[in-house]
Amino acid sequence: MRKTHYIPVTADVPGAASGANCALIRRTIRTALSAEGVTLPCEVDVLLTDDDGIHQINRDMRQVDRPTDVLSFPEFGLAPGQHPGPGDADPGTGLIPLGDMVLSMERVSAQAKEFGHSKRRELAYLVTHSVLHLLGYDHLDEGPMKAQMRGREEAIMALLGLER
């Protein structure tokens with residue numbers, strides 16, 4: 001079994017998969033998985049796109065006719081704090097396929113400006129947010145589930161040195 005996570009990052013927009021972006025994405029995913037107690041080797045596939053690309057995926061996969069900042073497609077129906085086990089690993093790779101995330105780099109830039117912080121912080125926040133979705137967290141209500149997810153996001157951002 002492999003001892004590290006496999007995190008392929010692809011892009012369908014020029015320049016999005018720069019070395020700095022890929023390094024930050026991989027570090028953020030590894031930090032979030034560690035913070036959540038996920039110790040088994042996992043695979044998370046990442047696509048960097050623009051608003052048009054994420055809009056199309058949103059329309060095709062979720063029947064939502066608008067762009068968004070990030071989409072998460074979990075492999076498992078986990079609850080917060082629940083982890084996949086060794087039996088969930090792909091026999092060929094030994095990796096647990098947690099799922100896919102898609103990020104709009106246009107939204108990263110726009111939201112960084114809107115919220116008054118760096119693109120680096122916004123990218124790490126959206127990646128953290130997506131990893132938590134892959135691990136069963138949700139924020140559809142305005143109550144305890146959302147508060148729990150927000151608390152975990154802030155804790156992970158602090159571990160990355162990117163807190164507010």
Enquirer: Report the residues that fulfil side chain to side chain contact (heavy atoms under 4.5 Å, CB included) with Asp138, sequence neighbours left out, ordered by chain and then residue number.
Expert: His133, Leu140, Met145
Enquirer: Can you tell if the side chain of Val127 reaches within under 4.5 Å of the side chain of Ile29, non-hydrogen atoms only?
Expert: yes
Enquirer: Checking Gln111 now: which residues fulfil side-chain hydrogen bond (donor to acceptor under 3.5 Å, both in side chains) with it, not counting sequence neighbours?
Expert: Asp69, Glu122
Enquirer: Could you report the tightest heavy-atom contact between Ala32 and Val131, atom names first, then the distance?
Expert: CB-CG1, 3.7 Å
Enquirer: Applying side chain to side chain contact (heavy atoms under 4.5 Å, CB included), name anything that partners Ala17, two or more places apart in sequence or on another chain.
Expert: Ala11, Cys22, Leu48
Enquirer: Who pairs with Lys113 by side-chain hydrogen bond (donor to acceptor under 3.5 Å, both in side chains), at least two apart in sequence or on another chain?
Expert: none
Enquirer: Would you say the side chain of Val46 lies within less than 4.5 Å of the side chain of Leu103, judging by non-hydrogen atoms?
Expert: yes
Enquirer: Between atom CG of Leu135 and atom CG of Leu33, what is the distance when rounded to the nearest 0.5 Å?
Expert: 6.0 Å
Enquirer: For Ile156 versus Ala35, what's the shortest heavy-atom pair and its separation?
Expert: CG1-CB, 3.8 Å
Enquirer: Which residues satisfy the salt bridge (Lys or Arg N to Asp or Glu O under 4.0 Å) test with Arg59, sequence neighbours excluded?
Expert: Asp65
Enquirer: Can you tell me how far CG of Asp88 sits from SG of Cys42, rounded to the nearest 0.5 angstrom?
Expert: 9.5 Å
Enquirer: Ala124: which residues meet the side chain to side chain contact (heavy atoms under 4.5 Å, CB included) condition with it, sequence neighbours left out?
Expert: Leu24, Thr28, Met157, Leu160, Leu162
Enquirer: Mind checking what makes side chain to side chain contact (heavy atoms under 4.5 Å, CB included) contact with Ser18, not counting sequence neighbours?
Expert: Ala20, Asn21
Enquirer: May I have the list of side-chain donor-acceptor pairs in residues 72-86 shorter than 3.5 Å, sequence neighbours left out?
Expert:
residue, atom, partner, partner atom, Å
Ser72, OG, Ser130, OG, 2.7
Gln82, OE1, Ala79, N, 2.8
His83, NE2, Glu36, O, 2.6

Enquirer: When clusters are formed by joining ILVMFWY residues with side-chain heavy atoms under 4.5 Å apart, either directly or through shared neighbours, do Ile54 and Met101 land in the same one?
Expert: no
Enquirer: Output all residues satisfying salt bridge (Lys or Arg N to Asp or Glu O under 4.0 Å) with Glu153, sequence neighbours left out; order by chain, then residue number.
Expert: Arg150
Enquirer: List the steps, then state whether side-chain contact (heavy atoms from CB on, under 4.5 Å) holds for Glu43 with Leu98.
Expert: CA-CA 6 Å; Glu43 179 176 353; Leu98 284 182; over 6 Å; no
Enquirer: Ile7 and Val102: same hydrophobic cluster, using ILVMFWY side-chain contacts below 4.5 Å?
Expert: no
Enquirer: Is it the case that the side chains of Asp12 and Thr49 hold a donor-acceptor pair, with the cut-off being a distance below 3.5 Å and no angle test?
Expert: yes
Enquirer: If the condition is salt bridge (Lys or Arg N to Asp or Glu O under 4.0 Å), which residues does Asp60 pass it with, not counting sequence neighbours?
Expert: none
Enquirer: Is there a side-chain contact (heavy atoms from CB on, under 4.5 Å) between Lys119 and Met105 once you walk through the steps?
Expert: CA-CA 9 Å; Lys119 291 178 190 175; Met105 297 307 285; over 6 Å; no
Enquirer: If you compare all heavy atoms of Leu95 against all heavy atoms of Thr4, which two are closest, and at what distance to 0.1 Å?
Expert: CD2-O, 3.7 Å
Enquirer: If you look at every heavy atom in Asn58 and Pro67, which pair is closest and at what distance?
Expert: ND2-C, 4.4 Å
Enquirer: Holding to side-chain hydrogen bond (donor to acceptor under 3.5 Å, both in side chains), I want the full list of residues that pass it with Asp51, two or more places apart in sequence or in another chain.
Expert: Ser104, Arg107
Enquirer: Please determine whether residues Ile57 and Leu126 belong to a single hydrophobic cluster, defined as Ile, Leu, Val, Met, Phe, Trp and Tyr linked transitively by side-chain heavy-atom distances below 4.5 Å.
Expert: no
Enquirer: Do Leu47 and Leu71 share a hydrophobic cluster (ILVMFWY, side-chain heavy atoms under 4.5 Å, transitive)?
Expert: yes
Enquirer: Is it possible for you to say whether Val13 and Leu123 belong to one hydrophobic cluster, with membership spreading through side-chain heavy-atom contacts below 4.5 Å?
Expert: no
Enquirer: Minimum heavy-atom separation for Pro8 to Asp45, with atom names?
Expert: CG-OD1, 2.9 Å
Enquirer: The criterion is side-chain hydrogen bond (donor to acceptor under 3.5 Å, both in side chains); which residues satisfy it with Arg30, sequence neighbours excluded?
Expert: none
